[in-house]
Amino acid sequence: MAISSASLISSFSHAETFTKPLKIDTVNPNPPNPILLISKCNSERELMQIQAYAIKSHQEDVSFNTKLINFCTESPTESSMSYARHLFDAMSEPDIVIFNSIARGYSRSTNPLEVFNLFVEILEDDLLPDNYTFPSLLKACAVAKALEEGRQLHCLSMKLGVDDNVYVCPTLINMYTECEDVDAARCVFDRIVEPCVVCYNAMITGYARRNRPNEALSLFREMQGKNLKPNEITLLSVLSSCALLGSLDLGKWIHEYAKKHGFCKYVKVNTALIDMFAKCGSLDDAVSIFENMRYKDTQAWSAMIVAYANHGQAENSMLMFERMRSENVQPDEITFLGLLNACSHTGLVEEGREYFSWMVHEFGIVPSIKHYGSMVDLLGRAGHLEDAYEFIDKLPISPTPMLWRILLAACSSHNNLELAEKVSERILELDDSHGGDYVILSNLYARNKKWEAVDSLRKVMKDRKAVKVPGCSSIEVNNVVHEFFSGDGVKSATTKLHRALDEMVKELKLAGYVPDTSMVVHADMGDQEKEITLRYHSEKLAIAFGLLNTPPGTTIRVVKNLRVCRDCHSAAKLISLIFGRKVVLRDVQRFHHFEDGKCSCRDFW
DNA sequence: ATAGGGTTAG
């Protein structure tokens, strides 16, 4: 069928911006085949020329259009997809194979959900979806986090009996986990009679990405029990689970496994190893993996930059960036996120500003909300609180509660109650369900002895049913990860661990430790009570557990789910001195290395 | 034509 050139041009939104014409040798006695020309095509304008040429030379037919559609959907842009769609609409007898090609394009485009308009049309035309239709559509739901559409597709796939197909099954699992319904994903997984490696991988990855590393690891063990061979993709997710848990022993074991089974040739596996070692507190191992890589891509460099940033070694992050540039590896948005974090963790305000401007102007990277967040942190933490406030106010996007939250944390560490109140108002306008916000403000009131304000804020918090995530610290001893929650044992401290903790605090006090009870919020508590609350903070419990259960001299590695508390930070410094132990504490945003009474963060955090 | 490393929020 013929397509008018007017409709062709209008299908490309930027058609007029292409100027360089393609040379097609039409005088040749054997004119080139339009299908072969497509593969040499570099721009949309050239594509249009080829199309016009095909029409003119009467060589356009169904197979030509199919090729053209496949070409358009290969690396989808808004206009190439709209052109593909146009070609599809013009077909007198479109089949499901061509639809699948378009659906695949949509699933990788910026507006994946648009595929559903076309999907509804083909269903009305009684075109039957097949095994290959569902993965694309489900992928679109996963990208767009469209759980409802995903569920409907799941039902439809069951009706058509393709839900247990090897291609459909993993994408169903992936769709549910990406849409944050991990339990639905698990239901799909559990219904599979004999799950293959890909299904295991989909489920393990889902758990890892949704921050459920224990379940990911338990599936990994189950898989090995069944004699299913993990592949490099399994290892990526398992390593990322080790990183989440801070489980260095298991991570080392996986490293050995990878070496033994030849998985270390994969760049991605090495990058995951760097990330795992860094997040488990062993920066040296991360560096050694990195330096032994023959080929390092953007992600590998970024992983190392982020690793140094999280360990408070901004100089090394910046050095890595220089090396990366000298080896002509292109940085991306995460590389810069790492650099900005490196600067904010060490108070390098000017350097941070420079990287930000460099990123935008030299590399054309559009700042994301995370870059803005890092800038707010950079300014706020360095004490430029008003600048940070102004920075948020002037953003081209409307600020999220998270941006204000970062500033609130900075107000808290600089004890600026006035601005903290102003910022809290901005947060609560947007989201009043986040318990942590009330706690920070109320701690500030407590520090400034405004007890009525503490009480009334606590009451508001209770009325709104805002819940604070409890502090939790974990430590791995002999391959077992032990978790401690803040306040464990406050009411009845009877175990060996609590006695050890009491002993520990006694020795700390002899060395000059004074419990900092100023931020313990309960106004009605006596000093003694406040001190006990503080003593049973999760990080102290975990460290005491480490002292008790590991040989003298061993490094104690603790992972905390929130930011480390001020009192625990000063206690940890003394512990490293008195007990002659290195303590590596990973908190929600960075590492603290305690040694000989000092911390690697130089008390800037 | 299925699963995918570095970010994920103070």
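Throughout, protein chains are lettered first and strands after them, A, B, ... in sequence-line order, and every chain is numbered starting at 1.
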Is there a side-chain contact between N174(A) and the phosphate of dG4(B), meaning an N or O under 4.0 Å from OP1 or OP2?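 Yes, because at least one side-chain N or O of N174(A) sits under 4.0 Å from OP1 or OP2 of dG4(B).
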Is the phosphate of dG10(B), meaning OP1 or OP2, less than 4.0 Å from a side-chain N or O of K560(A)? no
Atom-pair distance ([atom1] on [X]; [atom2] on [N]), nearest Å:
X	N	atom1	atom2	result
I192(A)	dT2(B)	CD1	C1'	11 Å
H371(A)	dT8(B)	NE2	P	11 Å
Y207(A)	dT8(B)	OH	C1'	20 Å
D431(A)	dA9(B)	CG	C1'	13 Å
N201(A)	dT2(B)	CG	P	14 Å
E180(A)	dT8(B)	CD	P	15 Å
M402(A)	dT8(B)	CE	C1'	10 Å
F134(A)	dA3(B)	CZ	C1'	19 Å

Any donor-acceptor N/O pair, S473(A) side chain to E539(A) backbone, under 3.5 Å: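 Indeed, once roles are kept as given, a pair shorter than 3.5 Å links the two residues.
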Ignoring hydrogens and geometry, is there a side-chain-to-backbone donor-acceptor pair from S80(A) to P76(A) under 3.5 Å?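 Answer holds: no.
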Heavy atoms from C-beta onward define the side chain here; which of [options] lies closest to that of [X]?
X	options	result
P170(A)	dT2(B), dG10(B), dT7(B)	dT2(B)
K370(A)	dT8(B), dG6(B), dA3(B)	dT8(B)
H434(A)	dT2(B), dG10(B), dG6(B)	dG10(B)
T171(A)	dT2(B), dA9(B), dG6(B)	dT2(B)
L337(A)	dG4(B), dA9(B), dT7(B)	dT7(B)
R563(A)	dG4(B), dT7(B), dG10(B)	dG10(B)
T205(A)	dG10(B), dA3(B), dT2(B)	dA3(B)
Y167(A)	dG6(B), dG10(B), dT2(B)	dT2(B)
I233(A)	dA1(B), dG4(B), dG6(B)	dG4(B)
I440(A)	dG10(B), dG6(B), dG4(B)	dG10(B)

W358(A) and Y355(A) aromatic ring geometry - parallel, tilted or perpendicular at 30°/60° bounds: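 If you compare the ring of Y355(A) with that of W358(A), the planes turn out parallel.
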Aromatic ring pairing W605(A)/H592(A), orientation class (parallel under 30°, perpendicular over 60°, tilted between): perpendicular
Roughly how far apart are F336(A) CZ and C343(A) SG, rounded to 0.5 Å?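 Those atoms lie 11.0 Å apart.
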So [X], base contact, sugar-phosphate only, or nothing? Heavy-atom distance under 4.0 Å.
X	result
N231(A)	base
N211(A)	nothing
K279(A)	sugar-phosphate
V168(A)	nothing
N100(A)	base
I369(A)	base
N270(A)	nothing

Examine the base of dG6(B) for any acceptor or donor lying under 3.5 Å from a partner atom in the side chain of D332(A), and report the outcome as yes or no. yes
Are D431(A) and R405(A) close enough for a salt bridge, meaning some N to O gap below 4.0 Å? yes
K422(A) NZ/CZ over Y389(A) ring centroid, <6.0 Å and within 45° of normal: yes
